[in-house]
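Read the structure below first, then the notes.
Computed from a prediction, not measured in an experiment: that's the story for all the values here.
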Amino acid sequence: MDQIGIESPYTLEIGNEPTFYPWFSKINNTAGVETYAKRYPNLQDQLKQRIPSLDGNWIFQALDTAANNAKDLMAKPAFETGLNEVATSIRQVGFHYYYQSHPGPHTFDDKNHPATDFAFTETGYNVGGGRGDLGNNLATVLWAVDFQLYCMTVNVSRINWQQILRGSLHMWRAVETQGLPAAVAPDYYSQPFVVDFIGKGGQTQVAPLDGDGDGDGTLVAYAAYESGKLARIALLNLNLWTPTAQPHTLKGLPSAAKQARVHHLTALSPWWKKRYFMVHLSLFGFLFTEFP
């Protein structure tokens with residue numbers, strides 16, 4: 001810490017996926033949460049003794065619950081059974097989320113600590129990495145965009161994407177790794193789209209828009225507001241593409257928004273030329289900006 005400075009880390013995680021630790025898994029869930037809530041402050045104290053600059057700093061991260069054990073260690077019971085004693089030092093609680101291993105809804109069940117951020121600190125479409133076309137297709141791009149924009153509507157503060165250099169779980173490989181050449185994975189192309197949607201101001205607010213889709217959630221839209229004014233709209237078609245044009249109506253837009261510039265979600269590399277996916281990415285993602 002002397003070398004990097006106390007102001008450099010955003011958070012300091014104490015334990016990763018504690019539900020996998022022997023002392024947690026060998027006892028029942030309630031006792032496991034209570035044990036975690038007692039161990040956490042003790043570990044904090046030990047770290048503060050070794051690194052005095054941590055004392056009094058709002059820097060710690062709690063939980064980091066594994067994706068397939070999300071209900072075993074939730075924020076509300078953990079705080080109620082011990083973390084409330086050190087709540088002023090906990091900047092963020094983290095959960096891991098992999099769509100394939102945990103597709104169900106995630107409950108944000110602690111409303112008593114509004115200053116504490118909620119983050120998905122390890123995220124991916126598949127915890128095991130890509131298997132054939134599973135990790136090299138258009139669906140991973142669209143899911144990544146939709147997931148991130150939805151999270152903004154429910155006040156998830158951060159999403160950290162898994163970048164482990166194994167399989168195709170990461171978004172890119174900078175160098176040859178495990179016999180695989182340097183490459184950019186499909187879901188990387190979600191990131192420039194999301195960055196453009198969020199914008200540069202740092203105060204963007206996002207809300208979902210109602211559409212006139214077929215009711216199965218395959219046509220989704222989000223609006224970005226800056227200083228209360230509509231700035232951008234993201235429209236995603238999650239359905240199988242057909243060449244037949246279909247008109248759609250978005251509800252809830254201000255009447256002043258009468259025209260916009262359209263940007264397409266695109267990719268330069270030929271990864272989409274796989275079986276099942278023979279169309280250009282721009283047919284599926286649109287970003288509308290520069291409203292008058």
Side-chain angles (χ1 to χ4, degrees), residues 1-21 36-37 39-67 73 75 78-79 82-98 106 108 110 112-124 127 144 147-149 151-152 154-166 169-175 177 182 184-185 187-188 190-206 226:
M1 197 65 72
D2 292 338
Q3 299 297 318
I4 65 174
I6 189 64
E7 71 284 349
S8 295
Y10 184 77
T11 55
L12 180 61
E13 174 185 322
I14 299 181
N16 180 60
E17 298 184 338
T19 49
F20 288 150
Y21 294 176
Y36 173 82
R39 282 174 173 256
Y40 188 93
N42 290 335
L43 291 170
Q44 262 200 15
D45 289 340
Q46 294 179 43
L47 283 170
K48 291 174 183 179
Q49 291 175 13
R50 293 177 177 244
I51 310 174
S53 59
L54 294 176
D55 195 16
N57 269 288
W58 186 48
I59 194 174
F60 290 96
Q61 181 168 295
L63 305 187
D64 280 285
T65 307
L73 182 57
F79 275 87
L83 294 190
N84 273 330
E85 298 177 8
V86 292
T88 56
S89 68
I90 299 176
R91 188 174 190 176
Q92 180 170 280
V93 295
F95 284 84
H96 298 177
Y97 188 96
Y98 290 92
H106 208 297
F108 308 148
D110 186 9
N112 299 319
H113 301 87
T116 301
D117 288 343
F118 182 104
F120 285 117
T121 49
E122 187 180 307
T123 309
V127 72
F147 178 76
Q148 290 175 93
L149 299 191
C151 283
M152 291 188 71
V154 291
N155 297 322
V156 174
S157 60
R158 288 169 176 259
I159 298 174
N160 298 331
W161 290 93
Q162 175 63 277
Q163 273 294 107
I164 187 172
L165 294 177
R166 174 171 58 85
L169 195 59
H170 46 273
M171 289 187 168
W172 68 86
R173 287 188 301 273
V175 296
T177 305
V184 176
D187 48 348
Y188 166 82
S190 66
Q191 300 307 91
F193 187 95
V194 171
V195 168
D196 284 345
F197 182 78
I198 294 174
K200 300 178 180 179
Q203 301 297 322
T204 301
Q205 294 179 306
V206 179
E226 294 180 352

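- Taking both residues in full, the closest heavy atoms of V156 and A119 are given as CG1-CA, 4.2 Å, listed atom of the first, atom of the second, then distance.
- Of the possible donor and acceptor atoms, none in the side chain of D64 sits under 3.5 Å from a partner among the backbone N and O of F95.
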For V86 and F60, run side-chain contact (heavy atoms from CB on, under 4.5 Å): C-alpha distance rounded to whole Å, both residues' side-chain angles, the deciding distance at 0.1 Å, then the answer.
-> CA-CA 10 Å; V86 292; F60 290 96; over 6 Å; no
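- From T121, atom OG1 reaches atom CG of L63 across 9.0 Å, with rounding to the nearest 0.5 Å.
- Residues forming a side chain to side chain donor-acceptor pair (under 3.5 Å) with T123 (at least two apart in sequence, or on another chain): none.
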Exercise. I would like to know whether V93 and F79 meet side-chain contact (heavy atoms from CB on, under 4.5 Å); could you show each step before the answer?
Key: CA-CA 11 Å; V93 295; F79 275 87; 3.8 Å; yes
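- Legend: residues meeting side chain to side chain donor-acceptor pair (under 3.5 Å) with Q191, ordered by chain and number and at least two apart, are Q148.
- Rounding to the nearest 0.5 angstrom, the gap separating the NE2 atom in H96 from the CG atom in N160 is 8.5 Å.
- Evaluation of the ring pair (Phe, Tyr, Trp, His ring centres under 6.0 Å) rule for F147 yields Y97, F120, W143 as partners, not counting sequence neighbours.
- Formation of a donor-acceptor pair under 3.5 Å by the T204 side chain with backbone atoms of G199 is not found in this model.
- Listed by chain and number, the residues in a ring pair (Phe, Tyr, Trp, His ring centres under 6.0 Å) with Y36 are Y40 (sequence neighbours excluded).
- The side-chain tip of R91 points at the ring of Y10 from less than 6.0 angstrom away and within 45° of straight on.
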- E122/W161 under side-chain contact (heavy atoms from CB on, under 4.5 Å): CA gap, chis, key distance, verdict: CA-CA 6 Å; E122 187 180 307; W161 290 93; over 6 Å; no
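- For L43, the side-chain contact (heavy atoms from CB on, under 4.5 Å) criterion is met by I14, Q46, not counting sequence neighbours.
- Checked against side-chain contact (heavy atoms from CB on, under 4.5 Å), A37 has the following partners two or more places apart in sequence or in another chain: T81.
- In this structure, K48 NZ and D55 CG are separated by 5.0 Å, a value rounded to the nearest 0.5 Å.
- Side-chain contact between Q203 and E226 is absent, with no heavy atoms from C-beta onward closer than 4.5 Å.
- E7 CD: more than 12 foreign heavy atoms inside a 6.0 Å radius.
- For the atom pair L54 CG and Q44 CD, the distance stands at 9.0 Å (nearest 0.5 Å).
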*asked:* Run Y98 and Q162 through side-chain contact (heavy atoms from CB on, under 4.5 Å) and show every step you take.
replied: CA-CA 10 Å; Y98 290 92; Q162 175 63 277; 3.1 Å; yes
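- Within the model, atoms CG of L12 and CG of N57 stand 10.5 Å from one another, a figure rounded to the nearest 0.5 Å.
- S89 contributes no side-chain N or O that, together with a main-chain N or O of W58, makes up a donor-acceptor pair within less than 3.5 Å.
- Across S190 and A144, no two heavy atoms sit closer than the pair OG-CB, 3.4 Å.
- The closest donor-acceptor contact from the side chain of T65 to the backbone of L73 lies under 3.5 Å.
- The structure places CD of Q61 at 5.5 Å from CD of E13, a figure rounded to the nearest 0.5 Å.
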